[in-house]
Undergrad: 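Structure provided below as structure tokens; questions to follow.
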Amino acid sequence: MASAASQVILHPVVSRSLKYASTTVGRDKAYRAVQYFARFFAWYLLNKGHKVDAARWNALKSHLGTARKLMRLGKPIEHLQSALRASLTSEPALEQIFAIGRQLGYFGYLSYDALIWANNVKFVNFDPLLAKRLAKTSSQLWLAGILFSLAGGVLKTIRLARESRKLQAGDSYGEKDISAENQREARLSSVKAAQSKARRQFITDALDIWLPATGAGLTNVNEGTLGIIGLITSLLGAQGQWKAVNGK
């Protein structure tokens with residue numbers, strides 16, 4: 001019995017899961033997935049007339065949202081640092097501008113998000129109209145960050161596609177130098193990895209954009225659809241973090 005228990009507890013999957021959960025990003029992605037599933041399921045139950053069960057799942061969604069806001073209190077400074085780093089890169093100027101805009105958008109969004117958290121936990125008491133304006137402004141800044149990310153992603157994808165074609169064309173003709181060939185292969189591998197990352201980010205942004213667009217009052221997507229969108233992008237983010245932590 002003890003042997004069977006140790007095999008389960010010490011199983012590599014359990015160890016990798018604990019390693020993943022030990023990271024703040026990993027926990028946040030897991031909480032976000034549950035939060036958005038709860039958002040969808042509360043909507044589903046309410047439409048089926050199960051008001052008591054819907055209220056329970058809606059409460060779970062709200063409490064997870066508040067907990068995630070607390071976990072993000074220091075994030076605005078991280079985005080300011082990222083904006084500064086983006087300004088120092090050697091990427092094309094327009095890509096730099098979009099990268100800086102993305103980070104500043106998220107800085108503003110998360111700064112307002114901190115005020116919303118303080119109001120939710122009754123640390124401060126804003127007037128209901130002010131609280132509503134803060135929530136709308138937060139969504140607008142989140143939306144701006146995603147729009148900058150999408151625009152920068154399009155430019156980066158085009159640039160990487162051109163570079164990839166150029167590198168692949170270099171394999172078709174000419175005398176080959178072993179050292180140069182190895183460098184070309186290494187660069188091509190790096191470009192392909194960057195392309196994969198850019199595609200993943202573009203898909204995430206293209207889905208996530210509906211969340212702040214609805215929060216800002218620009219679209220009217222229902223709670224169920226928003227829940228599914230948030231769940232999908234949370235799982236995409238969790239998968240990326242799992243690979244970053246565990247390497248596979």
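Residue numbers start at 1 and run along the sequence shown. Values reported hereafter were calculated over all heavy atoms of this structure, with side chains retained and with hydrogens, waters and symmetry mates removed.
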Undergrad: Which pairs, with at least one residue in residues 224-236 and sequence neighbours excluded, count as a salt bridge (Lys or Arg N to Asp or Glu O under 4.0 Å)?
TA: none
Undergrad: With sequence neighbours excluded, what pairs up with T89 under the side-chain hydrogen bond (donor to acceptor under 3.5 Å, both in side chains) test?
TA: Q96
Undergrad: Is there a chain of hydrophobic side chains (I, L, V, M, F, W, Y, each step under 4.5 Å between heavy atoms) that links L141 to F98?
TA: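 Each belongs to a different hydrophobic cluster.
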Undergrad: Any idea which heavy atoms bring L160 and V191 closest together, and the distance?
TA: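 Closest approach of L160 to V191, heavy atoms only: O-CG1, 3.6 Å.
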Undergrad: Which pairs would a plain distance check flag for residues 113-132, meaning a side-chain donor or acceptor within less than 3.5 Å of a matching protein atom at least two apart in sequence or in another chain?
TA:
residue, atom, partner, partner atom, Å
D113, OD2, R72, NE, 3.4
D113, OD2, R72, NH2, 2.5
N119, OD1, F126, N, 2.9
D127, OD2, L129, N, 2.9

Undergrad: What are the two closest non-hydrogen atoms of F40 and G224, and how far apart are they?
TA: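 Heavy-atom minimum between the residues: CD1-O, 3.6 Å.
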Undergrad: How would you list, by chain and number, every residue that makes a side-chain contact (heavy atoms from CB on, under 4.5 Å) with L143, sequence neighbours excluded?
TA: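 With sequence neighbours excluded, L143 shows a side-chain contact (heavy atoms from CB on, under 4.5 Å) to L147, I209, P212, A213, L218, given in chain and number order.
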Undergrad: Could you list the residues that satisfy salt bridge (Lys or Arg N to Asp or Glu O under 4.0 Å) with K75, not counting sequence neighbours?
TA: E78
Undergrad: Establish whether Y106 and L70 are linked, either directly or via other cluster members, by ILVMFWY side-chain heavy-atom contacts under 4.5 Å.
TA: yes
Undergrad: Considering non-hydrogen atoms only, spot the tightest contact between L150 and A206 and give its length.
TA: CD2-N, 3.9 Å
Undergrad: Can you tell me how far CD of Q103 sits from CG of L80, rounded to the nearest 0.5 angstrom?
TA: 9.5 Å
Undergrad: Going by salt bridge (Lys or Arg N to Asp or Glu O under 4.0 Å), name the residues that satisfy it together with R102, two or more places apart in sequence or in a different chain.
TA: none
Undergrad: Got a sec, which residues hit side-chain contact (heavy atoms from CB on, under 4.5 Å) with L45, two or more places apart in sequence or on another chain?
TA: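 Here the qualifying residues are F41, H50, D53, A54, W57.
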Undergrad: Can you tell me which residue pairs pass the side-chain hydrogen bond (donor to acceptor under 3.5 Å, both in side chains) test with a partner in residues 133-147, sequence neighbours excluded?
TA: none
Undergrad: Going by salt bridge (Lys or Arg N to Asp or Glu O under 4.0 Å), name the residues that satisfy it together with R187, two or more places apart in sequence or in a different chain.
TA: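 Checked R187 against salt bridge (Lys or Arg N to Asp or Glu O under 4.0 Å); matches are E163.
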Undergrad: Taking side-chain hydrogen bond (donor to acceptor under 3.5 Å, both in side chains) as the test, write out the residues that go with R159, two or more places apart.
TA: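 side-chain hydrogen bond (donor to acceptor under 3.5 Å, both in side chains) list for R159, sorted by chain: E95.
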Undergrad: Answer yes or no: is there a donor N or O on one side and an acceptor on the other, between the side chain of S196 and the main chain of A193, under 3.5 Å?
TA: no
Undergrad: Any side-chain to backbone donor/acceptor pair from S22 onto K19? Under 3.5 Å, distance only.
TA: yes
Undergrad: Tell me which donor-acceptor pairs under 3.5 Å the side chains of residues 30-39 have, and how far apart each pair is, sequence neighbours excluded?
TA:
residue, atom, partner, partner atom, Å
R32, NH1, G230, O, 3.1
R32, NH1, T233, OG1, 2.9
R32, NH1, S234, OG, 2.8
R32, NH2, D208, OD1, 3.3
Q35, OE1, R68, NH1, 2.9
R39, NE, E223, OE1, 2.9
R39, NH2, E223, OE2, 3.0

Undergrad: Count I, L, V, M, F, W, Y as connected when their side-chain heavy atoms are under 4.5 Å apart, and connections chain through other members. Are L46 and L64 then in the same cluster?
TA: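 Hydrophobic grouping puts L46 apart from L64.
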Undergrad: Any non-hydrogen side-chain atom of L84 less than 4.5 Å from a side-chain atom of S87?
TA: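 They are in side-chain contact.
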Undergrad: Using the rule that Ile, Leu, Val, Met, Phe, Trp and Tyr join whenever any side-chain heavy atoms are under 4.5 Å apart, tell me whether Y112 and L73 fall into a single cluster.
TA: yes
Undergrad: Within the structure provided, determine whether S17 and W242 are in side-chain contact (heavy-atom separation under 4.5 Å).
TA: yes
Undergrad: Are S82 and R85 packed together at the side-chain level, in the sense that at least one heavy-atom pair is separated by less than 4.5 angstrom?
TA: yes
Undergrad: Honestly curious: do L94 and I100 fall in one hydrophobic cluster under the side-chain, below-4.5 Å linking rule?
TA: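 In one cluster: no.
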Undergrad: With R199, which residues qualify under side-chain hydrogen bond (donor to acceptor under 3.5 Å, both in side chains), at least two apart?
TA: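 None.
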Undergrad: Under 4.5 Å between any side-chain heavy atoms of N58 and W43, yes or no?
TA: no
Undergrad: What's the shortest heavy-atom distance between I146 and D205, and which atoms?
TA: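 So the two residues come closest at CG2-O, 3.6 Å.
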Undergrad: Evaluate the side-chain contact (heavy atoms from CB on, under 4.5 Å) criterion for residues F202 and V154: first the C-alpha distance (whole Å), next the side-chain angles of each, then the deciding distance (0.1 Å), finally the verdict.
TA: CA-CA 8 Å; F202 186 85; V154 169; 3.7 Å; yes
Undergrad: Ignoring hydrogens, what is the shortest heavy-atom contact between W210 and L226? Give both atom names and the distance.
TA: O-CD2, 3.7 Å
Undergrad: Between the main-chain N or O of G26 and the side-chain N or O of Y20, is there a donor-acceptor pair closer than 3.5 Å?
TA: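 Side chain of Y20 to backbone of G26: a pair is present.
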Undergrad: What distance do L207 atom CG and L231 atom CG have between them, rounded to the nearest 0.5 Å?
TA: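 With rounding to 0.5 Å, CG (L207) is 11.0 Å from CG (L231).
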Undergrad: Measure the spacing between OG1 of T214 and CD1 of I229 and express it to the nearest 0.5 Å.
TA: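 If we round to the nearest 0.5 Å, T214:OG1 and I229:CD1 are 7.5 Å apart.
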Undergrad: After noting the C-alpha distance and the side-chain angles of R200 and Q239, does the key distance pass the side-chain contact (heavy atoms from CB on, under 4.5 Å) rule?
TA: CA-CA 11 Å; R200 190 184 197 87; Q239 185 184 44; 2.3 Å; yes
